[in-house]
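Data first, discussion second: the structure below is written as structure tokens.
Bear in mind that the values here come from a model prediction, so they are computed numbers and not experimental data. In listed order, ligands and their atoms are each counted from 1.
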Amino acid sequence: MHSQRIIRSYSALFRKLQIISNIQRHKTQQVAEKIQIPSSFAADLAQIVGKHNVSTANAVREQHGHDESYHSIELPDMVAFAECTEQVSEVARLCNHHGIPLIPFGSGTGLEGGVNAVKGGVCLDLSKMTKIVSVNAGDFDCTVEAGVTRKTLNSYLRDTGLWFPIDPGADASLCGMCATSASGTNAVRYGTMRENTMNLEVVLADGTVFDTAGKGKRTKKTSAGYNLTNLFVGSEGTLGIITKATIRLYPQPEATISATCHFETVQAAVDSTVQVLQCGIPIARIEFLDEVSVDACNKFSKLNMKVAPSLFLEFHGNASGLEDQTKLVAEIVQANGGSNFVWAKDPEVRNHLWKARHEILYACMALKPGTKPYSTDVCVPISNLPKVITRTKEMIQEAGIIGPIVGHVGDGNFHVFYPVHPDDQETLAKVKDVSHKMALLALELDGTCTGEHGIGQGKRELLEREIGESGIKVMRHLKMALDPRGIMNPGKVFF
Ligand SMILES: Cc1cc2c(cc1C)N(C[C@H](O)[C@H](O)[C@H](O)COP(=O)(O)OP(=O)(O)OC[C@H]1O[C@@H](n3cnc4c(N)ncnc43)[C@H](O)[C@@H]1O)c1[nH]c(=O)[nH]c(=O)c1N2
Ligand SMILES: O=C(O)C(=O)Cc1ccccc1
Ligand SMILES: [Mn+2]
């Protein structure tokens, strides 16, 4: 008995050591030498996409070597612009043949360093693939090419009475939004890219082109086999290149009302949110801003809000329905000690409010001029949200740093924006420490280390903790099966 127990504990220790050595090995791979590109490669690439669509110019490489995050710029060796799926397929085949990294580029608005070419290689810019392939108004869906952005789609749809509501603030490409599983302010009502993507045309590393739900399929439901569509949603360019997306559309709301209100505590704001959801009010947006964010918004966007934990809300529906909804929400707010429930129908007032919310990143940077934003993004079951936000605020105070908080509170999702001077290592170390502790707390409280920005470069270790050894193994098997040479966006999602 005793010897069996010893054997068991030794084998457990051995397994642990194996995991550590695996992680070490992957970390070493991550800093391995960049791949040497053969001299004939640029000419081969130009054969596929045309000479005018290949660039090795520094300015173009610099433009493509970063997104909107604090992650340092990493230059690709060259940038190629694809104009159609066939070209994407040929480029993938060529890169795969030579084992050259291939990084899909949508519009570069990501927040986790997803497009930064950590191992060099070819950045494949998809912004020239701008066809809106089809709009099926009667079926509430449309199919777009990789370069179509959400604002372009919504302008195109304006006269159809339909719209695509997923709104990450930035004018991101829709396929880039699929790649990061984006969401934003409207997700509480309309869901995220996961719930709104029906089919994807994907080019695999070896050039294979396929449709994740079957050619031309665009049904609201399916039980047909594995969900390959959602395998690629959130894959961050590591499994293949998304060249087309079929996504769901919604009727444009007949009437819209926005509102703001203020609270004594974070708890009161979250309690109000939970009660709004419990009452079945189909709230379209319910955004939390702490007092530091409100102050930043007041200064940057010329608002005149009470500096207190606040909610920005939006209601979509018909006129009579909206009256009932706003009345009920006002009562809930009041019951939780909230004040100044102010609502607006006027589009100008509403647009000003949401513009201010979307520009919060820039408002927070203006609190410390010359800084870049270090962003965080955790998501927990909503009942645990006050705990994580309150503890995070304590940690921010203890560390003596500035960290405004905003949250897509209806989804249990929030962000801290830390404005950091790029050469202020001391503040950066504190920010990283608080962010890591916050993410660990979220994991401990049944949450995820990212609700919507993705893993990118900075959260790979957190992903291992979140998914666990077996889950990571399954992910690795999938990666190996689809991209055996590891050319697709190396250094992201995995070590
Ligand atoms: C001011 C502001 C505000 C916000 C945000 C950004 C900014 C600047 N974001 C983040 C961002 O808008 C979001 O991550 C987008 O989905 C990224 O789309 P891009 O087209 O810019 O992808 P981008 O080019 O930045 O690429 C992102 C990742 O996807 C991959 N990729 C891009 N296109 C691909 C394709 N066609 N096929 C395969 N892989 C592809 C890339 O390789 C990379 O790994 C956000 N997000 C959010 O969810 N909620 C929010 O509230 C906000 N808010
Ligand atoms: O505004 C949001 O909701 C975002 O997701 C954008 C963001 C979050 C954190 C840092 C920078 C931008
Ligand atoms: Mn967000």
Side-chain angles (χ1 to χ4, degrees), residues 64 66-71 76 82 85 88 92 101-118 123-127 129 144-150 166-187 192-193 200-204 232-245 285 287-289 293 354 356-365 372-379 403-409 411 413-419 435 450-457 488-493:
H64 287 79
H66 68 92
D67 57 11
E68 299 269 346
S69 67
Y70 72 95
H71 288 285
T85 301
V88 173
L102 179 56
I103 304 116
F105 187 101
S107 42
T109 70
L111 292 169
E112 287 298 338
V115 296
N116 303 29
V118 294
C123 174
L124 188 59
D125 185 318
L126 301 151
S127 63
M129 293 178 62
V144 296
E145 281 191 340
V148 177
T149 68
R150 65 175 190 89
I166 315 306
D167 178 9
D171 190 19
S173 74
L174 290 154
C175 288
M177 286 169 61
C178 290
T180 62
S181 187
S183 44
T185 54
N186 282 315
T192 74
M193 291 310 285
L200 294 171
E201 181 187 83
V202 169
V203 174
L204 296 177
F232 285 87
V233 174
S235 62
E236 300 184 46
T238 63
L239 296 180
I241 304 128
I242 301 167
T243 44
K244 284 192 192 91
R285 285 169 156 161
E287 293 286 308
F288 170 78
L289 288 87
S293 298
W354 290 110
R357 167 61 188 87
H358 285 318
E359 284 178 353
I360 229 161
L361 165 67
Y362 308 103
C364 294
M365 281 195 281
K372 283 182 86 179
Y374 185 105
S375 62
T376 65
D377 167 41
V378 296
C379 187
I405 292 178
V406 295
H408 309 299
V409 70
D411 302 321
N413 182 197
F414 77 95
H415 314 295
V416 189
F417 309 79
Y418 297 102
S435 304
T450 171
E452 54 178 24
H453 296 163
I455 298 296
Q457 303 174 46
M488 291 308 310
N489 206 1
K492 314 296 164 57
V493 182

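No other N/O/S atom of His415 lies as close to the Mn ion (ligand 3) as NE2 does. Taking the Mn ion (ligand 3) as reference, Glu452 places its N/O/S atom OE2 nearest.
Distances between N or O atoms of His408 and those of ligand 2 include at least one value under 3.5 Å. Inclusion of Thr185 in the set of residues having an N or O under 3.5 Å from an N or O of ligand 1 is not warranted. Considering backbone and side-chain atoms alike, His358 places every N or O at 3.5 Å or more from each N or O of ligand 1. At least one N or O atom of Glu236, backbone or side chain, sits closer than 3.5 Å to an N or O atom of ligand 1. Residue Ala172 has no nitrogen or oxygen atom sitting less than 3.5 Å from a nitrogen or oxygen atom of ligand 1, judged on distance alone. Note: no N/O pair closer than 3.5 Å links Asp167 and ligand 1 by distance alone. Below 3.5 Å of separation, one finds an N or O of Pro104 facing an N or O of ligand 1. The shortest N or O to N or O distance between His415 and ligand 1 is not under 3.5 Å. Residue-to-ligand polar distances place Thr180 within reach of ligand 1: an N/O pair is separated by less than 3.5 Å. Note: an N/O pair closer than 3.5 Å links His453 and ligand 2 by distance alone.
Annotation for Val118 and Gly491: closest pair CG2-CA, 3.9 Å, computed over non-hydrogen atoms. Here the closest non-hydrogen pair linking Ala172 and Thr109 is CB-OG1, 3.6 Å. Contact between Ala82 and Met129 at its shortest, heavy atoms only, is O-CG, 3.5 Å. In terms of heavy-atom proximity, Ala117 sits nearest to Ile103 at CB-CD1, 3.6 Å. Here the closest heavy-atom approach between residue Gly451 and residue Cys379 is recorded as CA-CB, 3.8 Å. Between Met365 and Pro373 the shortest heavy-atom distance is SD-CD, 3.5 Å.
Of all the heavy atoms of Glu68, the ones lying under 4.0 Å from any atom of ligand 1 belong exclusively to the side chain. At a heavy-atom cutoff of 4.0 Å, ligand 1 is contacted by no atom of Thr238, backbone or side chain. Under 4.0 angstrom from ligand 1, there are no non-hydrogen atoms of Thr243. Of the heavy atoms in Lys492, none comes closer than 4.0 Å to ligand 1.
Shortest contact from atom 36 (N) of ligand 1 to any protein heavy atom: Ile242 O, 2.9 Å. Of all protein heavy atoms, the one lying nearest to atom 50 (C) of ligand 1 is Glu452 OE2, 3.2 Å. At the top of the distance list for atom 11 (C) of ligand 2, counting protein heavy atoms only, stands Leu361 CD1, 3.3 Å. For atom 6 (C) of ligand 2, the nearest protein heavy atom (residue, atom name, distance) is Leu111 CD1, 3.8 Å. At the top of the distance list for atom 6 (C) of ligand 1, counting protein heavy atoms only, stands Thr109 O, 3.2 Å. Ranking protein heavy atoms by distance to atom 40 (C) of ligand 1, first place goes to Ala179 CB, 3.4 Å. The nearest heavy-atom contact from the protein to atom 53 (N) of ligand 1 is Pro168 O, 2.5 Å. Taking atom 1 (O) of ligand 2 as the reference point, the nearest protein heavy-atom neighbour is Arg357 NH1, 3.0 Å. At the top of the distance list for atom 9 (C) of ligand 2, counting protein heavy atoms only, stands Ser375 CB, 3.3 Å. Scanning all protein heavy atoms for the shortest distance to atom 9 (N) of ligand 1 gives Leu111 CD1, 3.6 Å. Of the protein's heavy atoms, Leu361 CD2, 3.5 Å lies nearest to atom 1 (C) of ligand 1. Gly176 CA, 3.5 Å is the protein heavy atom nearest to atom 33 (N) of ligand 1.
Closest heavy-atom approach to atom 7 (C) of ligand 2 among the candidates Tyr362, Phe414, Phe417: Phe417.
Ligand-side atoms of ligand 2 in range of Glu452: 5 (O), range being under 4.0 angstrom from any heavy atom. Applying the 4.0 Å criterion to heavy atoms of Leu126 picks out, from ligand 1, the atoms 35 (C), 36 (N). Listed by number with element, the atoms of ligand 1 under 4.0 angstrom from any heavy atom of His408 are 51 (O). Close approach of ligand 1 to Gly240 (heavy-atom distance below 4.0 Å) involves ligand atoms 38 (C). Listed by number with element, the atoms of ligand 1 under 4.0 angstrom from any heavy atom of Val115 are 23 (P), 24 (O), 26 (O), 41 (C), 43 (C).
Put simply, the side chain of Ser293 gets close to the backbone of Ile405: a donor and an acceptor are under 3.5 Å apart. Although no hydrogens or angles enter the test, the distance criterion places no donor-acceptor pair under 3.5 Å between the side chain of Asp167 and the main chain of Asn186. The main-chain N or O of Ile455 is found under 3.5 Å from a side-chain atom of Glu236 such that the two form a donor-acceptor pair. At distances below 3.5 Å, at least one donor-acceptor pair connects side-chain atoms of Ser173 with backbone N or O atoms of Gly176. When atom types are taken as modelled, the side chain of His453 and the backbone of Asp377 share no donor-acceptor pair closer than 3.5 angstrom. At least one donor-acceptor pair under 3.5 Å links the side chain of Asn413 to the backbone N or O of Val378. For the pair Arg285 (side chain) and Trp354 (backbone), a donor-acceptor distance under 3.5 Å is absent.
Considering Cys178, Cys175, Pro168 as possible partners of Met193, the one that fulfils the side chain to side chain contact (heavy atoms under 4.5 Å, CB included) test is Cys178.
The closest approach between a heavy atom of His453 and any atom of ligand 1 is below 4.0 Å. The closest approach between Glu112 and ligand 1 stays at or above 4.0 Å for every heavy atom of the residue. Not close to ligand 1: Gly451, with no non-hydrogen atom less than 4.0 angstrom away. Under a 4.0 angstrom heavy-atom cut-off, Glu68 registers as lying outside contact with ligand 2. Taking 4.0 Å as the cut-off, Val406 does not count as a neighbour of ligand 2 on heavy-atom distance.
The CZ atom of Phe417 lies 8.5 Å from the OG atom of Ser375; values are rounded to the nearest 0.5 Å. Distance check, rounded to the nearest 0.5 Å: CG of Leu289 to CZ of Arg357 gives 6.0 Å.
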Problem set entry | Intermediate values then yes/no, side-chain contact (heavy atoms from CB on, under 4.5 Å), His64 and Asp125 | CA-CA 8 Å; His64 287 79; Asp125 185 318; 2.6 Å; yes

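Side-chain contact, Thr243 with Glu201: a donor N or O sits under 3.5 Å from an acceptor N or O. No hydrogens or angles considered: a donor-acceptor pair under 3.5 Å links the side chains of Thr149 and Asp171. Using modelled atom types, one finds a donor on one side chain and an acceptor on the other under 3.5 Å when comparing Glu452 with Ser183.
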